[in-house]
Amino acid sequence: MFRTHHCNSLHKSDIGRQVTLAGWVNVTRDHGGVIFIDLRDRQGLTQVVFRPEENAELAKQAHTLRGEDVIQVSGAVAARPPGTENPNLATGDIEIIPNELRILNRADPLPFPLDAEPQNEDLRMTHRYLDLRRPRFARNLRIRHRAAKATRDYLDSQGFVEVETPILSKSTPEGARDFLVPSRVTPGKFYALPQAPQQYKQLLMVAGVEKYFQIAKCFRDEDLRADRQPESTQIDIEASFVTPDDIFAVTEGMLAAIFKAARDIDIKTPFDRLTYREALDRYGSDKPDRRFEMEVVEVGEIFRNSSFKVFRGTLDAGGVVKAFNGKGFAGITIGQADELTEIAKLHGAKGLAFIKVENGEWKSPIVKFFSDAEKTALQSELNIEEGDCVFFAADKWEIACQVLGRLRLRIAEMQKLMPAGETWNFLWVTDFPLIRTRTNGTRCIIHSLDPKPKTCRCLTRRNFLRFAPRLTTLF
RNA sequence: GGAGCCUUAGCUCAAUUGGUUAGAGCGCCGCCCUGUCACGGCGGAGGUUGCGGGUUCGAGCCCCGUAGGCUCCGCCA
């Protein structure tokens with residue numbers, strides 16, 4: 001047998017047992033005499049102790065071991081001397097006293113440390129097999145595995161049938177550019193890779209499958225972003241003879257099953273629901289982060305007859321005036337104000353108006369244009385108090401929402417409003433528009449959800465999820 | 001297609017206003033070290049500051065170009 005146990009499985013009850021382990025040298029602690037090796041395999045770590053007085057030849061070999069050497073060790077499980085147990089290690093009560101050491105493969109010096117989060121993506125990709133050895137990846141791969149298994153088990157229990165659909169297919173009229181694969185048999189012709197299994201699942205519905213799902217790869221040949229990649233995986237579901245509430249319930253149940261299986265987390269169902277319109281109005285985003293407050297408020301009515309031309313002019317032209325209160329942010333620095341102004345301009349605003357409240361005084365170049373009645377109304381509408389900083393956007397509805405949504409997120413970061421640790425805040429965003437107007441004025445029908453990996457990253461990092469069911473996609 | 005930022009030792013970073021021989025931690029090599037778990041101690045090697053040009057008495061630092069990377073806009077949703 002190559003190995004008798006994995007590196008997480010030996011405990012006090014195994015003391016005296018003769019075992020064989022195999023894996024990578026995680027770290028060496030060479031005291032000149034006694035040498036400690038942490039041996040790592042896919043399951044965990046086990047300490048191996050070489051003592052020259054017990055086996056001089058083995059100790060001599062052990063001196064030469066370096067990080068990531070691959071070895072096989074046979075020996076006896078022994079109790080650690082009292083006081084030297086390591087409570088941070090699952091196998092911290094025991095250690096291996098080897099009588100045999102086989103060095104299976106020596107490792108070159110590492111191009112980057114495995115125990116720190118490497119910055120250089122290029123380097124990580126060049127040595128991907130090393131990158132994947134880091135505990136975070138081992139963990140993520142298993143979370144993904146358990147999530148996929150829970151998805152299949154749950155949807156199976158609900159009567160859904162998993163169907164694989166073709167990857168080589170014909171281009172479909174969705175918005176994104178297709179990846180193209182040249183056909184050998186028909187020169188000059190190309191296959192397209194699917195942006196989503198849209199046509200196929202609708203075909204299955206017409207064919208009477210009634211309940212279909214697939215863990216589907218989707219491809220889009222568009223320029224990259226931090227939260228976008230050219231291929232991604234989505235859980236694709238289609239059902240016949242159902243109501244929207246049926247789909248909400250199935251999806252909530254599936255997510256609960258996934259979180260339980262993958263992370264042992266119990267999530268609260270049913271989820272809150274917000275319409276698309278409401279999400280933009282209150283949070284300036286179709287994927288609102290509701291882990292903190294700072295809601296956007298419509299203040300247009302206050303300035304309907306204002307003498308402040310910027311607001312009045314926007315309203316007269318059919319635009320809106322919206323604002324939110326950055327609680328306790330009157331200490332905003334010039335650098336922060338500049339950055340926020342840049343963000344506002346980047347998303348279409350002409351500038352950024354804000355009011356600081358310090359020493360009972362409203363400080364801003366625009367305050368002098370406000371009447372007392374307007375100030376009173378603002379104060380009550382936005383709950384303005386000493387130390388606050390109120391941010392305004394006056395523009396077309398979409399732009400005002402987007403600008404304030406971006407500012408809201410950045411200010412939350414500046415003020416560290418996101419709760420530390422894991423919090424889960426699920427939300428359905430419903431009633432998405434079915435037709436989208438591009439910036440060049442042309443319009444297109446929205447066919448399917450954008451399967452952004454940010455949604456996946458949210459699971460592990462930002463801890464909130466966006467779901468936007470649309471009738472065209474789900475029913 | 002466009003814009004911004006970045007590029008200094010194997011890795012992560014530093015280097016005052018343009019000024020001596022470009023430093024530190026980790027890693028690597030050597031020596032020492034018998035209970036560590038990020039072991040410790042002493043010593044050493046390792047650099048065309050991405051590349052090309054320019055300004056200057058003098059450039060890691062300023063300017064121009066170029067390559068690569070990251071982020072954003074367009075695009076995508």
Side-chain angles (χ1 to χ4, degrees), chain A residues 25-40 45-54 56 59 62-64 66-68 78-93 95 97 107-127 130-131 174-179 195-196 218-230 232 234 276 285-287 339 342-343 345-348 402 406 429 432-440 442 444-455 466-468 470 472-473:
Chain A
V25 173
N26 202 55
V27 72
T28 67
R29 293 178 293 278
D30 187 339
H31 290 244
V34 66
I35 303 149
F36 300 99
I37 303 285
D38 285 348
L39 185 63
R40 182 190 76 236
L45 291 176
T46 298
Q47 176 165 281
V48 182
V49 185
F50 295 89
R51 294 196 198 92
E53 69 271 21
E54 284 172 356
H63 276 300
T64 70
R66 297 288 176 273
E68 299 306 307
R80 291 198 187 189
T84 67
E85 300 89 350
N86 183 352
N88 299 322
L89 211 58
T91 58
D93 287 336
E95 58 197 11
I97 312 296
D108 286 341
L110 298 175
F112 54 83
L114 300 188
D115 57 0
E117 195 70 17
Q119 308 294 315
N120 187 334
E121 185 104 356
D122 241 19
L123 196 68
R124 290 171 53 188
M125 289 304 160
T126 306
H127 306 276
L130 293 176
D131 202 28
E174 280 144 321
R177 235 186 317 271
D178 289 314
F179 273 107
Q195 297 172 30
C218 302
F219 305 89
R220 291 171 190 207
D221 187 12
E222 296 294 343
D223 288 353
L224 296 174
R225 286 286 187 283
D227 63 350
R228 197 195 297 169
Q229 54 193 35
S232 59
Q234 69 181 35
Y276 172 87
S285 170
D286 63 3
K287 45 182 187 297
E339 187 190 333
E342 280 309 305
I343 292 174
K345 285 180 175 171
L346 192 62
H347 292 94
Q402 195 188 5
R406 299 288 183 140
V429 177
F432 263 63
L434 300 178
I435 293 174
R436 186 169 66 90
T437 306
R438 296 195 183 95
T439 41
N440 65 11
T442 63
C444 67
I445 294 171
I446 296 172
H447 285 266
S448 64
L449 247 187
D450 171 25
K452 279 186 178 176
K454 178 176 270 180
T455 310
R466 171 180 69 152
F467 288 100
R470 287 189 287 240
T472 49
T473 304

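In the text below, chain A, chain B and the rest are named by the order of the sequence lines, each starting its count at 1.
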*Asks:* Apply side chain to side chain donor-acceptor pair (under 3.5 Å) to A:E68 and list each qualifying residue two or more places apart in sequence or on a separate chain.
*Replies:* A:R40, A:R133

*Asks:* When rounded to the nearest Å, what value does the distance between P atoms of B:rA45 and B:rU36 take?
*Replies:* 33 Å

*Asks:* Suppose we screen for ring-ring contact (aromatic ring centres under 6.0 Å, His included). Which residues come up paired with A:H63, at least two apart in sequence or across chains?
*Replies:* none

*Asks:* Taking atom C1' in both B:rG65 and B:rU55, compute the distance separating them and give it to the nearest angstrom.
*Replies:* 15 Å

*Asks:* Nearest to the A:V34 side chain among B:rU36, B:rU34, B:rA77, which nucleotide is it?
*Replies:* B:rU34

*Asks:* So, does A:R66 get its side chain near the phosphate of B:rC29, meaning an N or O under 4.0 Å from OP1 or OP2?
*Replies:* yes

*Asks:* RNA chain B: stems of at least 3 consecutive Watson-Crick or G-U pairs, cut-off 3.5 Å?
*Replies:* B:1-7 with B:67-73, B:10-13 with B:23-26, B:28-32 with B:40-44, B:50-54 with B:62-66

*Asks:* State whether A:R29 places a side-chain N or O below 4.0 Å from either non-bridging phosphate oxygen (OP1 or OP2) of B:rC39.
*Replies:* yes

*Asks:* Please identify each residue that fulfils side chain to side chain donor-acceptor pair (under 3.5 Å) with A:D93, with sequence neighbours left out.
*Replies:* none

*Asks:* Quick one: label A:D30 by what it contacts on the DNA or RNA (base, sugar-phosphate, nothing), any heavy atom closer than 4.0 Å.
*Replies:* base

*Asks:* Applying side-chain contact (heavy atoms from CB on, under 4.5 Å), name anything that partners A:N86, two or more places apart in sequence or on another chain.
*Replies:* A:R80, A:N88, A:L89

*Asks:* Tell me: CD of A:Q47 to P of B:rA38, nearest whole Å?
*Replies:* 11 Å

*Asks:* Would you check if A:H31 stacks with the base of B:rU36, given a 5.5 Å centroid limit and a 30° plane limit, both strict?
*Replies:* no

*Asks:* Rounded to whole angstroms, how far apart are CZ on A:R80 and P on B:rU34?
*Replies:* 20 Å

*Asks:* Considering residues at least two apart in sequence or located in another chain, which fulfil the side-chain contact (heavy atoms from CB on, under 4.5 Å) criterion with A:T64?
*Replies:* A:I103, A:R106

*Asks:* Can you work out whether A:G67 or A:V27 has the more 5'-proximal nearest nucleotide on RNA chain B?
*Replies:* A:G67

*Asks:* Find every protein N or O atom lying less than 3.5 Å from an N or O atom of nucleotides 5-10 of chain B, and list the pairs.
*Replies:*
{"unit_1": "B:rG10", "atom_1": "O2'", "unit_2": "A:P111", "atom_2": "O", "d": "2.9"}

*Asks:* Could you work out, with side-chain contact (heavy atoms from CB on, under 4.5 Å) as the rule, every residue matching A:V49, not counting sequence neighbours?
*Replies:* A:V34, A:F36, A:Q47, A:R51, A:E95, A:I97

*Asks:* With rounding to whole Å, what would you report as the distance between B:rG46 and B:rG23 at their C1' atoms?
*Replies:* 13 Å

*Asks:* Which residues pass the salt bridge (Lys or Arg N to Asp or Glu O under 4.0 Å) test with A:E222, sequence neighbours left out?
*Replies:* A:R177

*Asks:* For B:rU12 versus B:rA38, give the span between their C1' atoms, rounded off to a whole number of Å.
*Replies:* 16 Å

